[in-house]
J.: 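Here it is, the structure, as structure tokens.
Scope of the values below: all heavy atoms of this structure, side chains included, with no hydrogens, waters or symmetry mates. All chains are named by letter (A, B, ...) in the order of the sequence lines, taking the proteins before the strands, and each is independently numbered beginning at 1.
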Protein chains: 4
Amino acid sequence: MRKRDDEKEKSIKQAVVRLTLEEGFHGTSISKIAKVAGVSPATVYTYFDSKEMMLQDIYREYSEEICHFVLSRVHYGMNDRQLIEGLIRSYYDYIEANQEIFSFIDQFSNSPSLVGGCSEIEGFVKIKMLVADLKDREIIKNYHHENVLAMIVQPVKAIAANSSKTKAEKADLLHEMIGMIQSTLLIKET
Amino acid sequence: MRKRDDEKEKSIKQAVVRLTLEEGFHGTSISKIAKVAGVSPATVYTYFDSKEMMLQDIYREYSEEICHFVLSRVHYGMNDRQLIEGLIRSYYDYIEANQEIFSFIDQFSNSPSLVGGCSEIEGFVKIKMLVADLKDREIIKNYHHENVLAMIVQPVKAIAANSSKTKAEKADLLHEMIGMIQSTLLIKET
Amino acid sequence: MRKRDDEKEKSIKQAVVRLTLEEGFHGTSISKIAKVAGVSPATVYTYFDSKEMMLQDIYREYSEEICHFVLSRVHYGMNDRQLIEGLIRSYYDYIEANQEIFSFIDQFSNSPSLVGGCSEIEGFVKIKMLVADLKDREIIKNYHHENVLAMIVQPVKAIAANSSKTKAEKADLLHEMIGMIQSTLLIKET
Amino acid sequence: MRKRDDEKEKSIKQAVVRLTLEEGFHGTSISKIAKVAGVSPATVYTYFDSKEMMLQDIYREYSEEICHFVLSRVHYGMNDRQLIEGLIRSYYDYIEANQEIFSFIDQFSNSPSLVGGCSEIEGFVKIKMLVADLKDREIIKNYHHENVLAMIVQPVKAIAANSSKTKAEKADLLHEMIGMIQSTLLIKET
DNA sequence: AATGAATGAGCTTTCATTCAT
DNA sequence: CATGAATGAAAGCTCATTCAT
């Protein structure tokens, strides 16, 4: 009996993500995926039950990965400003370093019909808990969790997605944006 | 091969938008559109040159509509806080009242391959000019245009898209968010 | 607008029936059917909603045709023996002249999953009424309708299906079988 | 590539028969069979050379089983009427007690392409010899073997297959049918 | 201008079978 | 012997688009 090849599963997932960036969520057909991954279309179905479940699997895996990456870059030694900066900058860095993955995640989460059948992402819960903790410790102002998160997460996406700016210009924008959000959320002025 | 019955063109566009909300960007095929719009598939091609151009047409039209709506609700008589609130609230109101349209616009603008072939939206230019004007008149702080816009536009989308909250709860979140953004952007404290 | 081509629908149905005889119910795929019928696979779907509904349509049409044929060959001028003979012989004649159709009908009616979704055949009702009438008029003995019908319909199928006999031998068997059934069912001895 | 675990072969055969009843002759794929039988698809090929040969094997085995069952219930001590009744009733009883098997056999024998490649069933020969013997001993009338068999075998199938009747109603029909056939075939009136 | 018919290309998925362990 | 992995081929069906009327 041939054994399950984790390399193969990985390369299928990468093919999906790559095709999603190149040709959009539409051009991502099973046969194209198989071709890029170097397997037969039928083989895809030994690793995933259906196309929909495959997409959800990938979404879940990479969502967790992003959360893990972001959380790994903030720690207790940081002061207030560093915490906010760490969250935003790590998110931005991930997007820049993994544009394909981010594009996939973003397109997926904007597809109501797909995201509906997907269970809660663990990493999201942890990040919400982090925000709650920052409020408890009176580091950030007493805004609703949802608004704090929206403030940290949404504007930075707009910067990352801006394809008409150079890397340096975007770095400038990001630097400024971090300042804006720090002044919005932090209690301490300094 | 151009225009005639505006009623028919309208109903095709509505069909597209409605199907996009109900079945996602995928389930939006020409024949389904034609069925919902009450015309023949061939007729769609009397009004649009191809599916891609049709989607871009619709995107452009509704994008302009949104911008027009937002701009129509801010005027010179308003004070500083009212201006920011007006912009954000009008955007939010539009989304709430036209969920189908917003869902379409959002999914479209998250499809790199589609949005690429689409010329600049006029209304966006006007809004950018408004932001520039507000900076010139020393109403909002001297941040980059892009960041000001991101701040006004992005977080509110997160509130509107939150399907697990009631209308009242979302109104609360919006109210708070407006305050957050006002304090971030405005020069005058009052 | 091109108009619906009844010839094309007919040739699709014939292709189904022909393939069912040649390659069994299994080898009857949409693409083979299309090839034999001289149309594109997609065209099949402008005439039928799905493969299953297509099969049911064909089953219904030919079932009615058989019943119509059988009923058209018995009439009130006939005496008792002629009536029974007419029913059996016309059924047998139809099968001999339309082996493909009969094979299709027989295979279909032996597929529980298909026959389940199929509404009652009108012609069957008429034949049941004929049997009832023959009993009312005291031509055939007072057996249950179901048994009378089974007696008329089932044994003759075995003769028709017997591929190891010549036409003449089968005619002999049929002649004898008619006698057997007449003596079983008829009240009058003569 | 042959035999070993009779238990496993049995459970494969049962899986085939069960799936044929539940999902028709179509839904009976090797992988489904393997799943139901609790083995791997590859294992099926340890016991059978191909799917077609597997089906023929099963057909042959169960056909022999039916014949054996029927023959085991008639014996020389019986009088004329009991003989006919024994044959018909034992056949009916087998069908009622083994609907899955009968459904399989019936569908198989209605598939010309399958039944063609199948050698003669031994049990059928024995039953034909029994019929010949009954004729020699002047118990049943001098009809052709084929017609005698058709009379005994065909109508009872129609009763067994009638799914719209209760068990009791079918027992009534069977009782009457036995009488009809006895009067048709037997020489002695009593 | 408007339409239902028509289609080649492509979709997702399953098939019977073989391979490597 | 037994297996899950692997696959070319084919399944049923839908697609965006064009054709003939």
J.: Within the structure, does a side-chain N or O atom of A:T46 lie under 4.0 Å from either OP1 or OP2 of F:dA6?
T.: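 A:T46 to F:dA6 OP1/OP2: side-chain N or O found under 4.0 Å.
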J.: Measuring to OP1 and OP2 of F:dA2, would you say a side-chain N or O of D:K8 lies under 4.0 angstrom away?
T.: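 D:K8 to F:dA2 OP1/OP2: side-chain N or O found under 4.0 Å.
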J.: Whole angstrom is fine here: how far is it from CD in B:E7 over to P in E:dA1?
T.: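 Atom CD in B:E7 sits about 18 Å away from atom P in E:dA1.
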J.: At under 4.0 Å between heavy atoms, what does A:F48 touch on the DNA or RNA strands: base, sugar-phosphate, or nothing?
T.: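 Answer is nothing: A:F48 stays at 4.0 Å or more from every strand.
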J.: So, using side chain to side chain contact (heavy atoms under 4.5 Å, CB included) as the criterion, who are the partners of A:D5 when residues are at least two apart?
T.: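 Counting only residues at least two positions away or on another chain, A:D5 forms a side chain to side chain contact (heavy atoms under 4.5 Å, CB included) with A:E7, A:K8, A:Y47.
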J.: Residues in side chain to side chain donor-acceptor pair (under 3.5 Å) with D:S11, at least two apart?
T.: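 With sequence neighbours excluded, D:S11 shows a side chain to side chain donor-acceptor pair (under 3.5 Å) to no residue whatsoever.
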J.: To the nearest Å, how far apart are D:D5 CG and F:dA2 P?
T.: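 Checked: the CG to P distance equals 6 Å.
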J.: Using a heavy-atom distance cut-off of less than 4.0 Å, which residues of residues 105-117 of chain B contact DNA chain E?
T.: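 Heavy-atom cutoff 4.0 Å gives no residues at all.
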J.: Could you tell me whether the phosphate oxygens of F:dA6, OP1 or OP2, come under 4.0 Å of any side-chain nitrogen or oxygen in A:S40?
T.: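 Result: no.
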J.: Provide the full list of salt bridge (Lys or Arg N to Asp or Glu O under 4.0 Å) pairs with a residue in residues 44-60 of chain C, sequence neighbours left out, each pair given once.
T.: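 Sorted pair list: C:D57-C:R60.
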J.: In chain order, what residues pass the ring-ring contact (aromatic ring centres under 6.0 Å, His included) check against A:Y45, with sequence neighbours excluded?
T.: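 If we apply the ring-ring contact (aromatic ring centres under 6.0 Å, His included) test to A:Y45, skipping adjacent residues, there are no hits.
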J.: Salt bridge (charged side-chain N to carboxylate O under 4.0 Å, His left out) with C:K35: which residues, sequence neighbours excluded?
T.: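 Counting only residues at least two positions away or on another chain, C:K35 forms no salt bridge (charged side-chain N to carboxylate O under 4.0 Å, His left out).
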J.: To the nearest angstrom, how far is C:I12 atom CD1 from F:dC13 atom P?
T.: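 Distance, rounded to whole Å: 14 Å.
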J.: Whole Å only: how far is the NZ atom of D:K35 from the C1' atom of F:dG4?
T.: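 The answer, rounded to whole Å, is 12 Å.
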J.: Applying salt bridge (charged side-chain N to carboxylate O under 4.0 Å, His left out), name anything that partners D:E23, two or more places apart in sequence or on another chain.
T.: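 With neighbours one apart ignored, the set is D:K32.
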J.: Which residues pass the ring-ring contact (aromatic ring centres under 6.0 Å, His included) test with A:H26, sequence neighbours left out?
T.: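 Per chain and number, A:H26 pairs via ring-ring contact (aromatic ring centres under 6.0 Å, His included) with B:F25, B:H26.
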J.: Identify, with sequence neighbours excluded, every residue that meets salt bridge (charged side-chain N to carboxylate O under 4.0 Å, His left out) alongside C:E122.
T.: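 Once residues adjacent in sequence are excluded, C:E122 has no partner under the salt bridge (charged side-chain N to carboxylate O under 4.0 Å, His left out) criterion.
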J.: If the condition is salt bridge (charged side-chain N to carboxylate O under 4.0 Å, His left out), which residues does C:R4 pass it with, not counting sequence neighbours?
T.: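 Per chain and number, C:R4 pairs via salt bridge (charged side-chain N to carboxylate O under 4.0 Å, His left out) with C:E9.
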J.: Please tell me which of the listed nucleotides, F:dA2, E:dA6, F:dA6, lies nearest to the side chain of D:Y47?
T.: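 Output: F:dA2.
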J.: Taking the side chain from A:D106 and the backbone from A:F102, do they hold a donor-acceptor pair closer than 3.5 Å?
T.: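 Side chain of A:D106 to backbone of A:F102, a donor-acceptor pair under 3.5 Å: no, none is there.
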J.: Do A:Q107 and A:S103 pair up side chain to side chain, a donor and an acceptor below 3.5 Å, judged on atom types alone?
T.: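 A pair is found: one side chain offers a donor N or O, the other an acceptor, under 3.5 Å apart.
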J.: Rounded to whole angstrom units, what separation is found between the CZ atom of A:R4 and the P atom of F:dT3?
T.: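 One finds 19 Å between P of F:dT3 and CZ of A:R4, rounded.
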J.: In B/S/- notation, 5' to 3', how is nucleotides 13-19 of chain E contacted by protein heavy atoms closer than 4.0 Å?
T.: BBSSBBB
J.: B:E9 has an atom CD; how far is it from atom C1' of E:dA1, in whole Å?
T.: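 For the pair B:E9 CD and E:dA1 C1', the rounded distance is 14 Å.
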J.: My validator wants the stems of DNA chain E: runs of 3 or more consecutive Watson-Crick or G-U pairs, both distances under 3.5 Å, written as range with range.
T.: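 As far as DNA chain E goes, consecutive pairing (with distances under 3.5 Å) yields the stems E:2-21 with F:2-21.
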